[in-house]
Amino acid sequence: MGTECKRKRKVSLFDVVDERVTAKVKTSTIINPWNGRPYSQGFHEILEKRKTLPVWHQKHEFLKALKENQTLILVGDTGSGKTTQIPQFVLEAVELESCDRTKKYMVGCTQPRRMAAMSVSRRVAEEMDVAIGEEVGYSIRFEDVSSTKTVLKYLTDGMLLREAMTDPLLERYKVIILDEAHERTLATDVLFGLLKEVLKNRSDLKLVVMSATLEAEKFQGYFSGAPLMEVPGRLHPVDIFYTQEPERDYLEAAIRTVVQIHLSEPPGDILVFLTGEEEIEDACRKITKEFGNMGDRPVGPVKVIPLYSTLPPAMQQKIFEPAPPPVTEGGPPGRKIVISTNIAETSLTIDGIVYVIDPGFAKQKLYNPRVRVESLLVSPISKASANQRSGRAGRTQPGKCFRLYTETSYNDLEPQTRPEIERSNLTNTFLTLKKLGIDDLVHFDFMDPPAPETLMRALEELNYLGALDDEGNLTKLGEIMSEFPLDPQMAKMLVVSPEFNCSNEILSVSAMLSVPNCFVRPREAQKAADEAKARFGHIDGDHLTLLNVYHAYKQNNEDPSWYYDNFVNHRALKSADNVRQQLARIMARLNLKLVSTDFNSRDYYINIRKAMLAGYFMQVAHWERTKGHYLTVKDNQVVHLHPSNCLDHKPEWVFYNEFVLTTRKFIRTVTCIRSEWIVDIAPHYYDLENFPSCEDSEAIRVLKKLYRKREKDKVESKSRR
DNA sequence: GAGCACTGC
């Protein structure tokens, strides 16, 4: 920002909204500098409210720091107003037009969640008195509500990462704000490292990192001593209660606590944190039953509401309904009781919660690079997470949090939840980074470097898939694969599918695998649901069953009763259709042909299965006849077909989409393949000379025999010639 | 014969 540029600026919004000026202005004759229209009636009202937010007290301090530094860290807790106000402060202070007026820049603000990006941008558009999608917009997958006029864009962190793939220096932006940085999503962590590089090459770009108060020093250390600003939050005090003894059964303890609160505490709604759908539905039933058995005791009415992500949005809306009124006038007050997963910890805020019950557990993703398995495990939460949960009780008035563990246990918790990058398979992330031009992934500047074994696994898998060559360089194939918003295995099967003459079908399968399970199985109609599913079943595998469902959906999607009668989830299928369209557009852009084998040909399904194997050859399991179980090839894990499978027998060879670790080790979504295909399609992976020796594996014996037979045939055919 | 924390492209 040179002084040259500064002088050219005609009106600064900052001057307009200055208190002294607005105080004098009673009418709305002032022109909104962003769109040249007079301000509407509501503008000044909203402005007055904005000024009461804590972050406004530090506006000048912030703008001064922004002017003097390239990188800035801002920490502030819930209620500080940083997400809505800081981007507007930035807009007022920076010059968005290049000196020669040939270029216009934007301010970008990332959010970890789509919903947040959407709702915050709507709010800010209203505050700035402009139409959403014009000067203020948002960009999330499937929805770009921005235009050439846009100067402030909210977008998901993943979306900014995608943008970087075509705009490596992020040249459309003047300032980038990474919000909710403490959540340490995979995308935010990658953006950290990437932006550090970009800032070196673009002295005119500025970065603001916004986070909750946690680990501020760590952020500062990583961003080489960038100045740190603190903004106070706005929370009411919350009293914390611990149990004297550890609880053996946290579900039972949680239910007991709910009952106690309702019987003895003043009015106020209750929020209970549990770990998953089944547990939550179970708890809801038990709580409702408890209050139904109170006999003649005077108990206020309760509304028990489950909350988890796979619940339809209409059901999720129920958490915003008020508590029920007393049954009789002057009788005991009613209470709303929300039983939720972690979704209520960060993603959804429920006002009116006064009591929080925290058993101290959550399902968390874990990755074991040794056996290449990602799994969800119920594990103790971190201190930061426990504090976030208790804070949910103090949003509207002072509250209480009941921790169902001892104070000693609390002190033993990890201070922070480990960042996602330490708990994930990084194959996909590494493909993205390669595409972004990062040559040396091993020395990439991660805030928390992933385990070396995870790193090696990712490089190895990309090499087997042909996305990286032996020197670790991105191949042409890898470049094409990286264009798809899919895991590399899936991207690979899609990219090679035209060679197998079935890209139309692989597109559909990919879309179906990318959305939540489409089969509905209500507790009261499990048998009927299973029968309905069986009607779509294909004996050669679950992937083909998914294809059947998709085809049936395309034929029946006008008929609302079809979904109901067949126990399929309308939302999941609609979303699959959406994904499929996006993937098809990418295929077209890359000149990958959309082709199908004739449906009546005996090769129709064979081609599809072969194409899928070309992506998933690293996820093959073999039926060990003498042992009576499946063994994953190479990793040698004893696994079981997930009971949801639709095969009518136990095929000798299968490939699987997912390894699920629950009560046992399951492989879910499996399709039957033939050993000859394995040898034909992935000889480089099934290179038996370099196989880890596993004496017991029948799979290796079978493959070895097959290879020997091939050698013999080759020699014989040669000698015949 | 079992389950689906939460995000995101």
Side-chain angles (χ1 to χ4, degrees), chain A residues 110-117 139-144 155-166 180 183-191 273-282 306-311 340-348 361-366 374-379 381 385 388 417 419-421 423-424 428-429 431-432 435 481-488 490-491 510 514-523 526-527 529-530 569 572 575 578-579 582-583 585-586 640-647 658 660-669:
Chain A
T110 67
Q111 296 293 319
R113 282 167 292 278
R114 300 161 48 112
M115 271 299 280
S139 179
I140 58 181
R141 188 182 188 183
F142 305 130
E143 217 181 326
D144 182 5
L155 71 177
T156 51
D157 47 10
M159 198 69 201
L160 186 62
L161 207 51
R162 279 276 142 185
E163 283 189 7
M165 284 172 63
T166 50
E180 312 288 0
E183 287 195 27
R184 302 292 305 277
T185 63
L186 207 43
T188 293
D189 264 21
V190 173
L191 284 169
F273 285 102
L274 292 178
T275 65
E277 174 178 342
E278 203 168 69
E279 203 175 81
I280 287 168
E281 294 292 353
D282 192 30
L307 178 65
Y308 42 89
S309 74
T310 49
L311 215 54
S340 172
T341 61
N342 249 0
I343 193 171
E345 195 181 299
T346 47
S347 310
L348 276 170
F361 291 96
K363 277 192 191 171
Q364 286 182 307
K365 186 170 73 176
L366 277 179
E374 252 184 15
S375 51
L376 282 174
L377 271 188
V378 174
S379 18
I381 60 172
S385 194
Q388 177 71 22
T417 307
E420 198 185 0
I421 199 163
R423 298 181 282 120
S424 310
N428 197 9
T429 305
L431 183 60
T432 308
K435 169 73 185 174
M481 282 164 59
S482 73
E483 295 285 326
F484 291 92
L486 300 172
D487 277 342
M490 209 187 285
S510 304
S514 302
V515 299
N517 183 12
C518 68
F519 297 108
V520 182
R521 199 164 182 257
R523 186 176 281 261
Q526 293 186 348
K527 203 163 163 250
D530 290 345
N569 180 341
S575 147
N578 213 350
V579 173
Q582 187 191 28
L583 299 177
R585 279 196 300 272
I586 300 171
H640 306 274
L641 296 183
H642 194 273
S644 63
N645 85 80
C646 63
L647 298 161
E658 239 184 322
V660 192
L661 182 64
T662 50
T663 49
R664 303 160 94 183
K665 293 171 180 168
F666 291 108
I667 47 177
R668 187 160 55 194
T669 317

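Proteins get letters first, then strands, A, B, ... in listed order; numbering begins at 1 in each. All figures in this text were calculated on a predicted structure; none of them were measured in a lab.
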>> Go through it in stages, so that I can follow the logic: the residues are A/Thr346 and A/Gln388, the test is side-chain hydrogen bond (donor to acceptor under 3.5 Å, both in side chains), and I'd like the CA-CA distance, side-chain angles, deciding distance and then a yes or no.
In response: CA-CA 8 Å; A/Thr346 47; A/Gln388 177 71 22; over 6 Å; no
> Could you walk me through whether A/Thr341 and A/Ser309 pass the side-chain contact (heavy atoms from CB on, under 4.5 Å) check?
Replying inline: CA-CA 8 Å; A/Thr341 61; A/Ser309 74; 5.9 Å; no
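The closest donor-acceptor contact from the side chain of A/Glu420 to the backbone of A/Thr185 lies at 3.5 Å or more, if one exists at all. In this structure, A/Arg668 contributes its side chain and A/Ser644 its backbone to no donor-acceptor pair below 3.5 Å. Under the 3.5 Å distance criterion, the side-chain polar atoms of A/Asp530 are left unmatched by any main-chain donor or acceptor of A/Lys527.
Residue-level contact check: A/Asn342 touches neither bases nor backbone, having no heavy atom under 4.0 Å from any strand. Within the nucleic acid shown, A/Thr341 comes within 4.0 Å of sugar-phosphate atoms alone, with no base atom in reach, counting heavy atoms only. Within the nucleic acid shown, A/Gln364 has no heavy atom closer than 4.0 Å to any nucleic acid atom. Using a 4.0 Å heavy-atom criterion, one finds that A/Arg184 contacts no nucleic acid atom at all. Contact annotation for A/Arg521: base contact, defined as any heavy-atom pair under 4.0 Å involving a base atom. Heavy atoms of A/Leu186 sit nowhere under 4.0 angstrom from any nucleic acid atom. Within the 4.0 angstrom heavy-atom criterion, no nucleotide atom of any strand lies near A/Phe142. Residue A/Thr432 is classed as having no contact, given no heavy-atom separation below 4.0 Å to the nucleic acid. Backbone-only contact: A/Ile343 has heavy atoms under 4.0 Å from sugar-phosphate atoms and none from a base. Note on A/Arg113: only backbone sugar-phosphate atoms sit closer than 4.0 angstrom, heavy atoms only; bases stay farther off. If you check every strand for non-hydrogen atoms under 4.0 Å, A/Tyr308 touches sugar and phosphate atoms only.
For DNA chain B, the contact window with chain A, defined by any atom under 4.0 Å from a protein heavy atom, covers B/dG1 to B/dC9 in 5' to 3' order.
Residue A/Pro522 comes nearest to A/Ala529 through the heavy atom pair CD-CB, 4.2 Å, listed as atom of the first residue, atom of the second, then distance.
For the salt bridge (Lys or Arg N to Asp or Glu O under 4.0 Å) test, no residue two or more places apart in sequence or in another chain qualifies with A/Asp157.
Remark on DNA chain B: of its neighbouring residues A/Ile140 and A/Asp530, the 5'-side contact belongs to A/Asp530, judged by nearest-heavy-atom nucleotide.
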